[in-house]
Each structure stands twice: as structure tokens, then as C-alpha cells.
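Accompanying notes for the structure given below.
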Amino acid sequence: MKHLRKNRLAPIYAAAVTLLLFSAILGLFLGATKVGFTDIIEALFCGSTGSPQARILWYARLPRVMAGLLCGSALAVSGAVIQGVLANRLASPSIIGVNAGAGLAVTLCAAFGIVGGWRLSLFAFIGAFLTVMLVSLGAKKWGASRGTVILMGVALNALLGAVSDTVTTFVPDVSIMSSAFKVGDFSSATYIKLIPAAVVILTSLLLLNTLSNALDVLTLGEENAKGLGLNTDFTRVLFLIFAALLAGAAVSVAGLLSFVGLLVPHAVRRIATTQSRHLLPLCALFGAGFVTLCDTLARVIFAPYELPVGIIMAFLGAPFFLFILIKGKGGHSRA
Amino acid sequence: MLELSNVSAGYGKTEILRNLSIGFEKNRLTSIIGPNGCGKSTLLKAALGMIPHMQGEISIDNVNLSTLKRKAIAKQIAYLPQGRGTPDMTVEQMVLHGRFPHLSYPRQYTSRDRDIAASAMDKAGIREFALKPVYALSGGMRQSVYIAMALAQETEYILLDEPTTYLDISHQLDVMRLLRNLADDGRGIVAVMHDLPLAFQFSDMVMVMDQGRIFAHQTPGEVCESGLVEQIFGVRIRREGDTYYYKY
């Protein structure tokens, strides 16, 4: 019986890893400029930055692929965690305003000249955390229903977006990046942004893995979880801190990427498992692969013009979201 | 013994339990009966340390409850709350979470935990549904899943808030028989009950509550004789041999 279930998930893990590797390699190869196999080998393994191809690889494609992998996994896992903690399958970092909170922080940072490094990650986290705590405490304090929580998110998204827009109106320097930032885009991914984000994201993912059973116990409901010895208030805040760290780091690199946090956890729950122990790692793998693939598509479909990745993902994500709504399992009987 | 001495407790500043003293022994099935809103559920929550008590002392086997952490309490008392949702997981996964208080870092279930969960499912008669999602089961079966989860917790005491409510009569009897067996195996079982004949029939002790106070804590026979049921509930309960029934 036990073996049966392990085997059932094994091909899904294999598919996830394959997708991730495939999209990473595709992302390095494809693009407006032709970069050959030998160029890649030479650049990656000899560390050469002499040729233009090698420089494209090191300073354009590799950071982009890394950004796609990191942000995809961060947003997918953040979404799965938020859905678990709020017991609301329709929640995700972009829907309840967490991304917008981080986005406002990043916009403010840009207005004050902070475009990378640890301070950017820190402020993005603070923006995300304040928003997620506001939604979560609000939901608890006013006994808001699942639908109300989503509406609170819509309101927060509008409000935070408006503040961001005000900032970009008054600080024209910031407005250059604002339209791509709003739909999510990796073209401004640089190592100075990536390194702190990578540390934050990878550490959070590792630590979350040791907490996966607590996330499931939390979904049993307040009293059951307490009866099983879980300090529910503390645990909930702890999870929201991780969700905010992940979403904040992703937004600091890629802007307001929507739908990954909703689409990937739902897809994984449907095809694989609802058990957090497997749900979280699978979300990380599929999220990374999916976003990187979308970004590569965004770069090559109309090459040499490129679309922000957010547009490609919205094309895929919006119909999926409708599918969830129509199937009607998103927030009632099973959440 | 799970003991409350001179305990007053409630929510916020509203006092619901007033200066209660009671001890629940192992090897006993105790039913708590009383009208709606008399503080039965509050008593269970106070005994579990889930709501702070304003005065008095609660102890498990002579250890003061307030010196214990949530997890340590959960290793000794299992709790079946009144609100029971249908989480999106399989029966086996849910029962396995009964082992949660026994986990230490990095909090992953071992094969021993799985074995304990399996035998808990056997006892509750739901082993055959192990791989089914909880929401696909009937109300009675779901109840058994919750009980199996409490069994997997391997505690000395189990407190149950209305374990038979919403079940058809045959499932009610199944649940009561299971609780009876658990008490006979040496555990201390305390159940809040609304069905008086069922409570009287299966319990060793019946505790009668009204308005936050304890009016009796006696054997079912003694409570039946005392006329207390009529005084509090306005119905009479009669005994004939081993069976109890309402007399209108």
C-alpha cells in the first residue's frame, strides 16, 4: 500500500524535474541572438566572457533563467501556503494583495534609488508581510467569510496599486519600469537583485519543508489543531512570514507576476496530492519550470520584440482560473 | 485523574463555569449532560487548557496543567471538538495527524506512526476507507475518522464534544460501544451527550450540569433515582433492567 503511493507520485516528480531542466536549457538556448551549443559549454564551463555570445549568456540569459526558476517556485509555494493558512483555495499572493504590498515597497525603493541588494529584499518582504497580516487578522477579527477575504484582497490591490501609481506619477524616473513591472517581467533581472532573492527563497523553501505537516494540521480547523498540540496563532504567523518572504523576494525581481500562485497549487492538487509534504516541493518544481518556460516563450514568440512574461502567464492563467470557478470546488465543499 | 478544583472559566470577562470541582478517572466512561448553553463544551475546553481559567487549578495525574505546553497536553488528552470540518485529505492522512503531538523536529511521520494509525483505523472500523478522501464518506464514517485520529494520539484521556450528534441510531450505538471498550481498556473517556438514555446506558458516571454548576456526579442509576433529570430537563427518565428510556 505504501509502495503503491510512492510509485504514484514518482512519475509526477520525474515530470516536474524534467520540465524544470527542459525549460532551463531551452531558456539558455533560445532567444533573439543565436547562441550555439559550443558557446554555452564554453561560457559555462570555461567561465569565458570574451565573445558577445558568452556575454549574452552570462549577463542576459542565465540571470533570466535563474530569475524564472526562483520566482516561479517562490510564488507557487507562497500561494500553496497562503491557501492552506487562510483555508481558502481562491487565495494567492496576487489575489489577496500580497504582491501589491511588495510591489508598492519596491516602487518606493525605486523612487529612493534602491534597485537591488538586501535592502530591496527586506522592504519587499515588509510590504508583503504587512499586507498578508492585514488580510489574515482582518479575516479572523471580523469573522470574514472566504468570499469576503477575496474581496478584501481586491480592495487592497486597488488601494496599493493606486498608491504605487501616485508614486510613479510624481517620480518620473520610476515610471519607465512601471508598465512591465505591473504585469511581471524578468528583463530587469540582474545579479544584484537575484542573489539576495535566491538566498531568501531557497532558505524559505528548505525550512518550509520541515513544517509541512503543521500546515496540514492547521487545515483541520482551529480546535482540532489545538487539540493536536499545535500553537495555532504562532504557527499561522510563522507560515505567513514565509509566504511573505517568498512573495516579496519574487516581486523584488520580477514585479507583479500574477496567477502562478493560484494556478500551480491547484494543478498540483488535482494531478498529484493535497498533502503538503509533497504539495510544497511539487509546487516549487512545477512553478519554476512553468514560469521559465513562459518567459522563454515571451522572448521568442515575437523575437526580437519581447512580451512581458506576465502576459503569457495571464493568457494561460486566466482561463484556468475560470475553470476553477466553474467547477465550483474552489472555496466551498473542499476548502 | 484529570482533575479540576474550584475552577472558574469563560470567554473574555463572561464567567461561564462557576467554581467547579470534579475529577475524571481513568477506566471510566463519564457522560456530561445538561441543557444547551450550560457550559458543557466550556468545561471540556477548560480541562484541555484551551481557554484560560480565571481561578482554580487543573491537573492531569497530579501535574498542574498550566506548567505543560500544548504539545505535552496533547500527548495526554485527545479532544474531539463539536465543529468538525471535512478537510481535503485521505482518511489515512488525517488519522496519521493524530500522531502530530508525538513528532519531534523535523516533524515527519515514521513507519511506526503509520502502524499506530493503521491500528487506530482498525479499532474505529474504517481501515477499508484508508485511501478514500474524507469528504467522500458519510457523516457517520467521518465521525469514526475523527475518533480514529484521537485514538492514534494514544492518550490516557479522550474528551469528546457531542460524539453522537447527527448520527443515525446504529452509528450512535457503534460510537458508544467503541467508547465503552476504550474505557474498559483503561482510558478515561469524557463525552458531552444530548441523548440521555444513550448516555445513561453506556456510562459509568453521569455528570449533570446547569448554569455553569455541577448538580450531580454519580452512577447512572443514582442520577435516575434522584429526580434531577426531571428538575433540569423537564422530562422523566425511567430504568427497566439495563435499559433507560424517556417517559413523557
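Residue numbering restarts at 1 for every chain, and letters A, B, ... go by the order of the sequence lines.
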Where on [X] is there a heavy atom nearer than 4.5 Å to chain A: the side chain, the backbone, both, or neither?
{"X": "Tyr109(B)", "answer": "both"}
{"X": "Ile77(B)", "answer": "backbone"}
{"X": "Gln153(B)", "answer": "side chain"}

Which value, rounded to the nearest 0.5 Å, describes the distance between [X] atom [atom1] and [Y] atom [atom2]?
{"X": "Gln93(B)", "Y": "Ser276(A)", "atom1": "CD", "atom2": "OG", "value": "9.0 Å"}
{"X": "Arg99(B)", "Y": "Asn213(A)", "atom1": "CZ", "atom2": "CG", "value": "12.5 Å"}
{"X": "Leu228(A)", "Y": "Ile73(B)", "atom1": "CG", "atom2": "CD1", "value": "13.0 Å"}

Among Pro133(B), Ala74(B), Pro81(B), residue most engaged with chain A (heavy-atom pairs, under 4.5 Å): Pro81(B)
Contact residues of residues 36-49 of chain B (partner chain A; heavy-atom separation under 4.5 angstrom): Lys45(B)
Ion pair Asp88(B)/Arg89(A), N-O distance below 4.0 Å: yes
Side chain proximity check, Gln275(A) to Thr90(B), heavy atoms < 4.5 angstrom: no
Minimum side-chain heavy-atom gap Asp216(A)-Phe100(B) below 4.5 Å: no
From CA spacing to verdict: side-chain contact (heavy atoms from CB on, under 4.5 Å), Met149(B), Asn224(A): CA-CA 10 Å; Met149(B) 185 166 79; Asn224(A) 276 302; 4.0 Å; yes
Where at least one partner belongs to residues 67-78 of chain B, residue pairs that pass side chain to side chain donor-acceptor pair (under 3.5 Å), sequence neighbours excluded: none
Pairs flagged by side chain to side chain donor-acceptor pair (under 3.5 Å) wherever residues 239-248 of chain A is involved - sequence neighbours left out: none
Whether over 12 other heavy atoms sit under 6.0 Å from Tyr11(B) OH: yes
Leu211(A) versus chain B, the contacting section by heavy-atom distance below 4.5 Å: side chain
side-chain contact (heavy atoms from CB on, under 4.5 Å) against Glu25(B), all qualifying residues, sequence neighbours excluded: Met1(B), Arg28(B)
